[in-house]
Amino acid sequence: MEEIANFIKTIMANDLESGKVKKIITRFPPEPNAYLHIGHARAIITNFELAKSFNGYTNLRFDDTNPAKEDEEFVEGIKKDIEWLGYNPENVFFGSDYFEETYKLALELINNGLAYVCDLTQAETSAYRGTLTEAGKNSPYRERSISENLTLFENMKNGLYKEGEKVLRAKIDMSHPNINMRDPVLYRIMYIKHHRQGNKWCIYPMYDYAHPLQDAFEGITHSLCSLEYDNHRVLYDWVIEVCKTKYKPVQIEFGRLNITNTIMSKRYIKQLVESKKVIGYDDPRMPTLAGMRRRGITPEAIKTFILSTGLSRINSTVEGDMLDHFVREDLKLKVNRIMAVTKPLKVTITNYEEGKIEYFEAFNNQENESLGKRKVAFSKHLYIEQEDFCLEKPDKHYKRLALGLEVRLMNAYFIKANEVVYDNNGNIIEVLCAYDEQTLSGSGFNERKPNGTITFIEATTANKAVFNKFEPLIIDDNEEISFLERINPDSWKTDEGFVEAGVYNTLDRFQFIRDGYYAVDSDNSKLTFNRIVSLKSALK
RNA sequence: AGGACUAUCGCCAAGCGGUAAGGCAAUUGGCUCUGACCCAAUUAUGCGGGGGUUCAAAUCCCUCUAGUCCUGCCA
């Protein structure tokens with residue numbers, strides 16, 4: 001936690017030391033128009049941890065200045081996610097609660113000749129603005145008198161004009177090299193019911209005007225935001241200056257976080273949900289915090305992941321492996337490690353009695369015995385992973401089953417493969433094996449070493465789990481949404497896997513450890529492992 | 001008359017004038033009733049390129065190059 005965002009931390013420490021601020025106060029200001037995703041976790045954690053490290057605090061403020069996009073559903077979802085991450089905001093505010101004050105300040109601006117009502121249409125405004133390389137030109141309405149502006153703005157507020165007919169603009173500089181300073185719009189007219197204000201207002205402040213004021217009203221000392229607002233900082237400072245606010249917040253930008261093979265944009269997330277490609281914002285495959293929560297990822301894992309990715313003024317794209325690592329690291333002692341088979345291969349124990357079933361005890365987690373034990377079934381009919389068998393041992397590193405070789409079935413016996421059965425197309429569909437009774441797990445047998453240990457499932461008691469309902473989601477190069485397998489296509493397309501009986505139903509969360517939902521490495525070059533899977537029973 | 005920002009190992013990222021931290025990934029070996037975990041070891045004479053200042057530069061200066069963002073009455 002010490003290393004978080006050093007470049008920001010240094011600024012804060014200096015401000016504290018110089019006496020510029022007495023206490024560090026930050027804020028996390030989501031617009032309630034979507035659910036939070038893993039990318040937002042960076043902003044949340046950075047804001048909260050930074051303030052906490054200086055004994056300051058953080059406000060949660062819903063940036064709801066555009067009623068066209070916002071909804072109550074999202075404010076509840078966002079609150080829940082933030083609390084889940086372990087943060088209880090000192091205060092919860094809504095940008096819309098400051099509408100009265102921002103309005104009064106706008107009047108001040110007009111009185112000081114710093115704002116005017118403009119009648120240009122949207123297209124005209126755009127044309128007058130100029131381009132990246134050419135200066136803009138002044139609006140013909142720029143020189144209206146203060147009293148006229150006051151009247152017109154009053155009328156705007158009172159609903160005398162149609163949407164788009166008039167806007168309030170700041171009077172700055174139409175030839176400013178930074179386009180954001182070319183008389184930016186401060187207020188626009190919208191006849192839309194606000195989720196909190198109802199129909200009280202028909203003029204709504206723009207982000208560039210409202211945000212710095214909200215920060216100032218709350219005494220925010222450091223206003224952290226992402227890189228794309230860098231170009232807005234000069235306007236942010238302008239607003240703070242001309243409004244003569246008591247507090248002078250400072251905006252600091254940092255890079256966004258992206259994760260490879262992960263959909264992170266609001267737009268796509270929304271599209272997935274609305275097209276019903278996924279169950280909802282909390283679908284376990286989603287990169288939303290709600291989805292990750294449902295998948296069984298813990299807030300601790302997210303926190304250590306975010307903190308370890310660091311923070312800089314670069315939009316970074318970290319590899320999904322890194323997220324996986326921290327999730328595994330966090331989960332490895334917390335979850336049950338049950339057995340599962342995703343691509344089943346039938347195994348018949350030829351020297352085992354037909355109809356007999358034995359149950360062995362196994363720790364739910366070998367590294368954490370406090371998680372208790374469970375029964376593991378064994379009989380003449382089993383399934384193993386297709387990849388755990390091949391006809392001939394390919395090299396000395398191969399530690400699984402092959403014809404003539406003996407392996408340990410985890411928690412059970414040694415078995416030796418003697419024969420294979422083929423289907424009409426020449427595919428191996430079954431392996432005939434013999435078990436050795438004296439090699440039972442826990443018996444202390446050590447007269448010979450098996451060629452590795454593999455997992456298995458007893459066929460008659462196994463629960464089926466539909467894996468293809470949880471295909472990993474990625475976006476292909478054309479940026480069209482598709483359900484491509486992240487990796488080994490076969491393991492997810494062949495529809496069914498098998499999860500050990502008994503354990504599957506007792507879990508109430510979609511927990512996973514790497515291969516549970518990713519199956520094998522992306523290049524399929526190496527199997528890494530823990531075939532540990534559990535699925536949410538409600539989604540059967 | 002364009003402006004702003006960024007550039008350190010495959011991916012993140014420390015460093016802020018004193019001779020390149022760490023994590024992920026990878027590789028090698030050991031251990032193992034999960035090829036997991038764990039343990040040990042390896043991985044930038046180099047900090048986008050070129051100049052310069054200095055006893056000393058990733059760190060300062062100049063210059064070039066590349067990438068990102070900005071022309072919503074979105075945030």
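Below, chains carry the letters A, B, ... as their sequence lines are ordered, and counting in each starts from 1. A quick note: this is a predicted structure, and the numbers were derived from the prediction, not measured.
Between B/rC47 and B/rG10, the two P atoms lie 13 Å apart (nearest whole Å). Nucleotides B/rA13 and B/rC24 are separated by 16 Å at their P atoms, to the nearest Å.
Among B/rG23, B/rG35, B/rC5, the nucleotide with an atom closest to any side-chain atom of A/Arg313 is B/rC5. Nearest to the side chain of A/Asp230, among B/rC12, B/rC24, B/rC5, sits B/rC5.
Note on A/Asp436 versus A/Arg448: salt bridge recorded, some NZ/NE/NH1/NH2 to OD/OE distance being below 4.0 Å. Between A/Arg129 and A/Asp183 no salt bridge is recorded (no basic side-chain N to carboxylate O distance below 4.0 Å). A salt bridge between A/Asp119 and A/Arg144 is present, with a side-chain N of the basic residue lying under 4.0 Å from a carboxylate O of the acidic one. A/Arg61 and A/Glu31 are not joined by a salt bridge, as no carboxylate oxygen comes within less than 4.0 angstrom of a charged side-chain nitrogen.
In this model, a side-chain donor or acceptor of A/Lys399 finds a partner on the base of B/rU32 within 3.5 Å.
Between A/Tyr229 and A/Tyr236, the ring centre distance reaches or exceeds 6.0 Å. Aromatic ring centres of A/Tyr204 and A/Tyr187: separated by at least 6.0 Å. Note: A/Tyr103 and A/Phe153 meet the aromatic proximity criterion, with ring centroids under 6.0 Å apart. Separation of the A/Tyr35 and A/Phe74 ring centroids falls under the 6.0 Å cut-off. A ring-centre distance under 6.0 Å is not found for A/Phe456 and A/Tyr413.
Dashed line: the shortest gap from a side-chain N or O of A/Ser312 to OP1 or OP2 of B/rA13 is under 4.0 Å.
In this structure, B/rG15 shows a glycosidic angle more than 90 degrees from zero, which is the anti conformation.
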For nucleotides 8-10 of chain B, print each protein N/O atom paired with a nucleotide N/O atom at under 3.5 Å, atom names and distance only.
| from | atom 1 | to | atom 2 | distance (Å) |
| --- | --- | --- | --- | --- |
| B/rG10 | N2 | A/Glu319 | OE1 | 3.1 |

Might you list the N or O atoms of the protein lying below 3.5 Å from N or O atoms in nucleotides 38-40 of chain B, with each pair's distance?
| from | atom 1 | to | atom 2 | distance (Å) |
| --- | --- | --- | --- | --- |
| B/rC38 | OP1 | A/Lys332 | NZ | 3.1 |

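Contact annotation for A/Tyr204: no contact, since no heavy-atom pair falls under 4.0 Å across all strands.
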Just do the side chain to side chain donor-acceptor pair (under 3.5 Å) check on A/His211 and A/Asp63 with the steps written out, would you? CA-CA 8 Å; A/His211 203 86; A/Asp63 209 337; 3.0 Å; yes
Run the ring-ring contact (aromatic ring centres under 6.0 Å, His included) test on A/Tyr352 and A/Phe378 for me, step by step, so that the C-alpha distance in whole Å, both residues' side-chain angles and the decisive distance to 0.1 Å come before the verdict. CA-CA 10 Å; A/Tyr352 197 85; A/Phe378 184 86; 5.2 Å; yes
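The CZ-C1' distance, from A/Phe7 to B/rC16, rounds to 14 Å in whole Å.
Nearest heavy-atom pair, A/Asn368 versus A/Leu333, reported as atom, atom and distance to 0.1 Å: ND2-O, 2.8 Å.
Scored by the salt bridge (charged side-chain N to carboxylate O under 4.0 Å, His left out) test, A/Lys373 finds A/Glu361 as partners (sequence neighbours excluded). By the side-chain hydrogen bond (donor to acceptor under 3.5 Å, both in side chains) test, A/Glu253 is found to be paired with A/Arg233, A/Gln251, A/Arg313, residues two or more places apart in sequence or in another chain being considered.
Consecutive Watson-Crick or G-U pairing (both distances under 3.5 Å) extending over three or more pairs maps onto RNA chain B as B:2-7 with B:65-70, B:10-12 with B:22-24, B:26-30 with B:38-42, B:48-52 with B:60-64.
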Nucleotide by nucleotide, nucleotides 69-75 of chain B touches protein heavy atoms under 4.0 Å in the pattern (B base, S sugar-phosphate only, - none) BBBSBBB
